[in-house]
*Asks:* 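The structure under discussion is supplied below as structure tokens; questions concerning it will follow.
In what follows, chains carry the letters A, B, and so on, assigned in the order in which the sequence lines appear, proteins first and then strands, with residues in each chain numbered from 1.
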4 protein chains.
Amino acid sequence: MVQISLRKQPVQARSQATCAAIKEAAARILVTRGIEALNTNLIAETAGVSVGTLYQYFPSKQAILAELIRDMRAEMLTDLQRGRQAAQGCDLNTTVRILIDATLDHHRRDAPRAEALEHAEATLRMDGETERLKADIHLLVVEILTLFGVDAPARAARDLAALASGMARAAVWAGETDFDDVAARITRAATGYLRPN
Amino acid sequence: MVQISLRKQPVQARSQATCAAIKEAAARILVTRGIEALNTNLIAETAGVSVGTLYQYFPSKQAILAELIRDMRAEMLTDLQRGRQAAQGCDLNTTVRILIDATLDHHRRDAPRAEALEHAEATLRMDGETERLKADIHLLVVEILTLFGVDAPARAARDLAALASGMARAAVWAGETDFDDVAARITRAATGYLRPN
Amino acid sequence: MVQISLRKQPVQARSQATCAAIKEAAARILVTRGIEALNTNLIAETAGVSVGTLYQYFPSKQAILAELIRDMRAEMLTDLQRGRQAAQGCDLNTTVRILIDATLDHHRRDAPRAEALEHAEATLRMDGETERLKADIHLLVVEILTLFGVDAPARAARDLAALASGMARAAVWAGETDFDDVAARITRAATGYLRPN
Amino acid sequence: MVQISLRKQPVQARSQATCAAIKEAAARILVTRGIEALNTNLIAETAGVSVGTLYQYFPSKQAILAELIRDMRAEMLTDLQRGRQAAQGCDLNTTVRILIDATLDHHRRDAPRAEALEHAEATLRMDGETERLKADIHLLVVEILTLFGVDAPARAARDLAALASGMARAAVWAGETDFDDVAARITRAATGYLRPN
DNA sequence: CATGAATGAGTCTTCATTCAT
DNA sequence: CATGAATGAAGACTCATTCAT
């Protein structure tokens with residue numbers, strides 16, 4: 001359980017810029033050189049600040065990673081909420097298709113980063129805020145599945161998330177870039193999973 | 001790329017026991033305390049040997065992990081080959097069901113261990129032998145899909161593996177133990193994925 | 001081939017002092033307890049800093065030694081260049097005498113240290129900078145010998161350097177401190193070596 | 001001060017062969033891979049025996065090296081004694097030439113080995129037996145120099161030994177193989193050193 | 001006696017974190 | 001606030017030596 005609350009709220013513009021630079025540096029290192037190469041001195045250097053400054057904004061190395069992941073999950077929740085809006089009144093299959101599409105939006109924005117963060121996520125124990133976001137994401141899917149009368153909606157939501165995440169990450173690994181096609185294939189599997197009978 | 005060849009071939013009974021104890025200790029730590037807590041001193045202590053002994057059998061810490069993973073992949077290949085035998089003459093859906101069942105055999109033997117190793121696998125660059133095993137596993141699936149005239153069989157094999165692995169790992173995370181049920185759900189998704197049209 | 005470039009350029013006064021303290025500590029240990037007793041923990045402790053600090057300034061243990069040796073060779077080159085200036089217009093024997101005197105200047109400054117470093121030098125593969133300094137030293141002698149029409153000047157330069165170095169080190173071992181006398185004896189041998197016929 | 005007396009006198013032929021094999025292995029490693037690569041496991045393996053056996057014959061790693069050096073010094077003493085016989089009745093210069101020739105005999109037999117051992121010798125504290133041999137060698141030269149009325153014969157003997165050893169080692173380093181020529185050059189220097197006036 | 005498995009003290013090196021300036 | 005020098009605990013790995021078989 002990682003303490004990620006900022007030590008100080010970066011209210012000023014410069015502070016926010018520094019904070020963002022640190023996070024960007026960490027993400028870039030994570031993607032290009034892997035989690036083993038990720039260390040605070042390198043993050044600070046890459047961000048163009050001193051280690052001391054880094055520790056002004058983040059209480060620990062883990063906190064930086066945790067916040068990166070939290071941001072990703074927050075974006076994903078937003079993407080899914082937008083998807084739900086768009087799917088108002090559609091049938092199950094269409095809704096599923098739209099939500100899967102939404103799920104892949106952060107891959108579309110920066111696939112290697114999404115992949116790296118999802119992998120890092122499995123290594124860390126999450127902070128409360130991120131857990132809450134993940135719960136919200138899960139709940140959103142559960143609600144929709146419930147609406148369509150799907151059996152064991154919690155388990156189904158988990159299965160679908162795992163299926164989608166697994167396939168998306170494998171596609172990134174394989175170097176695929178056409179995420180519409182990936183979404184289509186994931187949808188085929190999801191639809192099959194949900195098919196009655 | 002990790003060098004995993006043993007430094008010393010454990011011919012004597014005591015040697016083999018020691019070697020196995022080291023691997024078991026590493027696996028136990030990996031499962032119970034995670035990859036960050038995995039260090040050579042702890043492995044040796046847990047195995048009841050000295051660090052020196054550990055290094056008689058393994059050239060590096062990574063090599064221990066690599067061999068654990070290689071063993072798992074080797075078992076999985078065997079499981080799948082057995083599955084293919086059993087599926088001789090069956091239709092696609094049945095064959096898929098049988099192979100997915102086989103895929104979950106190592107989860108059935110020790111689910112937390114399977115989960116931990118699959119996650120660790122994503123962190124390491126594999127040695128040649130393990131790459132070969134993974135290629136063999138992939139090829140086996142590709143061959144079967146080709147036999148049934150599935151489109152883009154290589155990509156389909158990758159998608160199905162990712163889908164199955166993702167769902168299985170999520171189930172383990174959630175604490176499920178009925179892997180027949182998990183297999184049934186994975187099969188639903190896989191069958192949907194493969195459905196023509 | 002040892003990488004000796006400092007990790008951090010010691011610009012501040014404190015840094016330079018720390019860096020120098022580390023080198024001094026290493027030299028002192030080398031002289032008093034020999035190369036086998038030389039280890040990074042002891043160097044750091046002797047220098048009054050932590051190991052971490054040592055590694056801020058030197059990328060490896062070898063690099064410390066390498067830089068000590070490089071410094072010595074750089075001083076020696078300067079000594080010899082000064083000697084060459086002083087010998088302008090002298091005959092061969094006088095020139096030789098002056099250069100041998102110059103060669104012993106670093107023994108005059110700190111004989112045990114010179115001895116210890118020259119011995120350590122034979123153990124290490126040198127970095128490029130030190131090789132260049134040694135080549136420059138060699139070249140300086142070759143040029144002078146060529147000027148006086150000495151046969152096979154490269155080989156003669158090597159022979160004379162070996163002769164001088166060997167005798168000087170033996171003198172230090174024996175506890176001699178009058179390096180003018182040592183220089184006189186070396187000069188006798190060198191003059192004999194160069195005598196035509 | 002290294003304890004080198006054998007733990008057991010190798011009276012039997014097999015024992016002597018084992019003992020020699022260990023020494024040969026150590027020497028070969030020293031020459032081909034340097035003193036840093038010299039370790040007991042490698043020596044034993046190279047010699048075709050087990051570590052345990054190695055420790056039957058030598059009380060420590062250092063003892064092996066020490067005995068190798070002792071052997072070399074013993075041979076050198078023999079060479080010099082033979083040289084003194086041959087030089088009976090000759091004048092100083094001829095005697096010097098003969099003795100220098102004798103000094104290079106172990107280089108003629110195996111130059112890289114001689115070089116490696118002489119260098120290793122400088123690193124070790126010698127055992128009593130080797131010290132005695134070196135003292136005998138020194139004394140032999142002192143006696144001859146005294147016979148010819150050389151001033152400060154002990155210091156001269158030391159100077160000549162250093163000069164000869166230094167030049168010979170430099171020649172080996174440079175890859176020279178014609179030790180008659182090396183001897184001639186050393187003799188020129190030695191003769192110059194000894195020249196009255 | 002020979003073997004080689006086992007030992008564990010000792011070394012090098014890294015890196016998250018602190019704090020004097 | 002920013003800096004970056006300093007810290008030192010921790011971890012990977014080596015190798016001389018011992019001892020049960």
*Asks:* What's the separation between atom CG in Asp71(A) and atom NZ in Lys23(A), rounded to the nearest 0.5 Å?
*Replies:*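 Reported to 0.5 Å precision, the distance equals 3.5 Å.
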*Asks:* Is Arg113(B) salt-bridged to Glu24(B), going by a charged N under 4.0 Å from an acidic O?
*Replies:*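 Salt bridge between Arg113(B) and Glu24(B), a charged N being under 4.0 Å from a carboxylate O: yes.
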*Asks:* Enter the distance from Ile69(D):CD1 to Leu133(D):CG here, rounded to the nearest 0.5 Å.
*Replies:*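 Atom-to-atom, Ile69(D):CD1 and Leu133(D):CG are 12.0 Å apart.
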*Asks:* At less than 4.0 Å, is any side-chain N or O atom of Tyr57(D) found next to OP1 or OP2 of dA2(E)? Yes or no.
*Replies:*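 Answer yes for this pair, as a side-chain N or O of Tyr57(D) is under 4.0 Å from OP1 or OP2.
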*Asks:* Can you check whether any acceptor in the base of dA6(F) is under 3.5 Å from a donor in the side chain of Gln56(C), or vice versa?
*Replies:*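 Checked by distance alone, the answer is yes.
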*Asks:* In whole angstrom, what separates Ile29(B)'s CD1 from dG11(F)'s P?
*Replies:*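 Between P of dG11(F) and CD1 of Ile29(B): 11 Å.
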*Asks:* Rounding to an integer number of Å, can you tell me how far Phe58(D) CZ sits from dA2(E) P?
*Replies:*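 In whole Å, dA2(E) P lies 13 Å from Phe58(D) CZ.
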*Asks:* Would you classify Val49(B) as touching base, sugar-phosphate or nothing, given that sugar-phosphate means primed atoms plus P, OP1 and OP2, and contacts are heavy atoms under 4.0 Å?
*Replies:*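 Sugar-phosphate contact only - Val49(B) comes under 4.0 Å of backbone atoms but never of a base.
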*Asks:* On DNA chain F, does the nearest nucleotide to Thr40(B) precede the nearest nucleotide to Ala37(D) from the 5' side, or the other way round? Give the residue.
*Replies:*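 The answer here is Thr40(B).
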*Asks:* So, is Thr18(C) near the phosphate of dA5(F), with a side-chain N or O under 4.0 Å from OP1 or OP2?
*Replies:*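 False: Thr18(C) side-chain N/O out of range (4.0 Å or more) of dA5(F) OP1/OP2.
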*Asks:* Can you measure Glu45(A) atom CD to dA5(F) atom C1' for me and round it to whole angstrom units?
*Replies:*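 Rounded to the whole Å, the gap is 15 Å.
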*Asks:* Take the protein atom CG of Asn39(D) and the nucleotide atom P of dT17(F), then report the distance between them rounded to whole Å.
*Replies:*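 Value for this atom pair: 11 Å.
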*Asks:* dA16(F), dC13(F), dA16(E): which one has an atom nearest the side-chain heavy atoms of Asn41(A)?
*Replies:*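 Closest nucleotide to the Asn41(A) side chain: dA16(E).
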*Asks:* Whole angstroms only, please: what is the NZ-P distance between Lys61(D) and dT14(F)?
*Replies:*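 These atoms are roughly 14 Å apart.
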*Asks:* For dG4(E) and Ser50(D) - does any side-chain N or O of the residue sit under 4.0 Å from the phosphate oxygens OP1/OP2?
*Replies:*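 Answer is no, no contact under 4.0 Å.
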*Asks:* Would Arg132(B) and Glu129(B) pass as an ion pair if we require N to O under 4.0 Å?
*Replies:*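 Yes, this pair counts.
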*Asks:* How many Å lie between CD1 on Ile22(D) and P on dT17(F), as a whole number?
*Replies:*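 Whole-Å distance recorded here is 14 Å.
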*Asks:* Between Tyr55(B) and dT14(F), is there a side-chain N or O to OP1/OP2 distance below 4.0 Å?
*Replies:*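 No, no such contact exists.
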*Asks:* Looking only at the side chain of Thr53(B) (C-beta and beyond, no hydrogens), which of the listed nucleotides dA12(F), dA6(E), dA16(E) gets closest?
*Replies:*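 When the side chain of Thr53(B) is considered, dA6(E) is the closest of dA12(F), dA6(E), dA16(E).
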*Asks:* To the nearest Å, give me how far apart CZ (Arg33(A)) and C1' (dT14(E)) are.
*Replies:*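 That distance rounds to 14 Å.
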*Asks:* Considering every strand shown, what is the Watson-Crick or G-U wobble mate of dT18(E) when both distances are under 3.5 Å?
*Replies:*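 With both distances under 3.5 Å, dT18(E) matches dA5(F).
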*Asks:* In whole Å, what is the span from the CD atom of Glu36(D) to the P atom of dA16(F)?
*Replies:*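 Spelled out: CD on Glu36(D) to P on dA16(F) is 13 Å.
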*Asks:* If we call it a pair only when both distances are under 3.5 Å in a Watson-Crick or G-U wobble match, what pairs with dT11(E)?
*Replies:*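 Its partner is dA12(F).
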*Asks:* Just checking Leu42(B): base, sugar-phosphate only, or nothing, at a heavy-atom cut-off of under 4.0 Å?
*Replies:*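 Contact class for Leu42(B): none.
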*Asks:* With distance as the sole criterion, is a donor-acceptor pair present between the side chains of Thr18(A) and Ser15(A) under 3.5 Å?
*Replies:*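 No donor-acceptor contact under 3.5 Å links the two side chains.
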*Asks:* Between Leu54(B) and Gly52(A), who's closer to the 5' end of DNA chain E by nearest nucleotide?
*Replies:*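 The residue closer to the strand's 5' end, by nearest nucleotide, is Leu54(B).
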*Asks:* Is any side-chain heavy atom of Glu121(A) closer than 4.5 Å to a side-chain heavy atom of Arg70(A)?
*Replies:*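 Answer no - side chains too far apart.
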*Asks:* Looking at dT13(E), dG4(E), dG4(F), which one has an atom nearest to any side-chain atom of Val51(A)?
*Replies:*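 In terms of side-chain proximity for Val51(A), the closest of dT13(E), dG4(E), dG4(F) is dG4(F).
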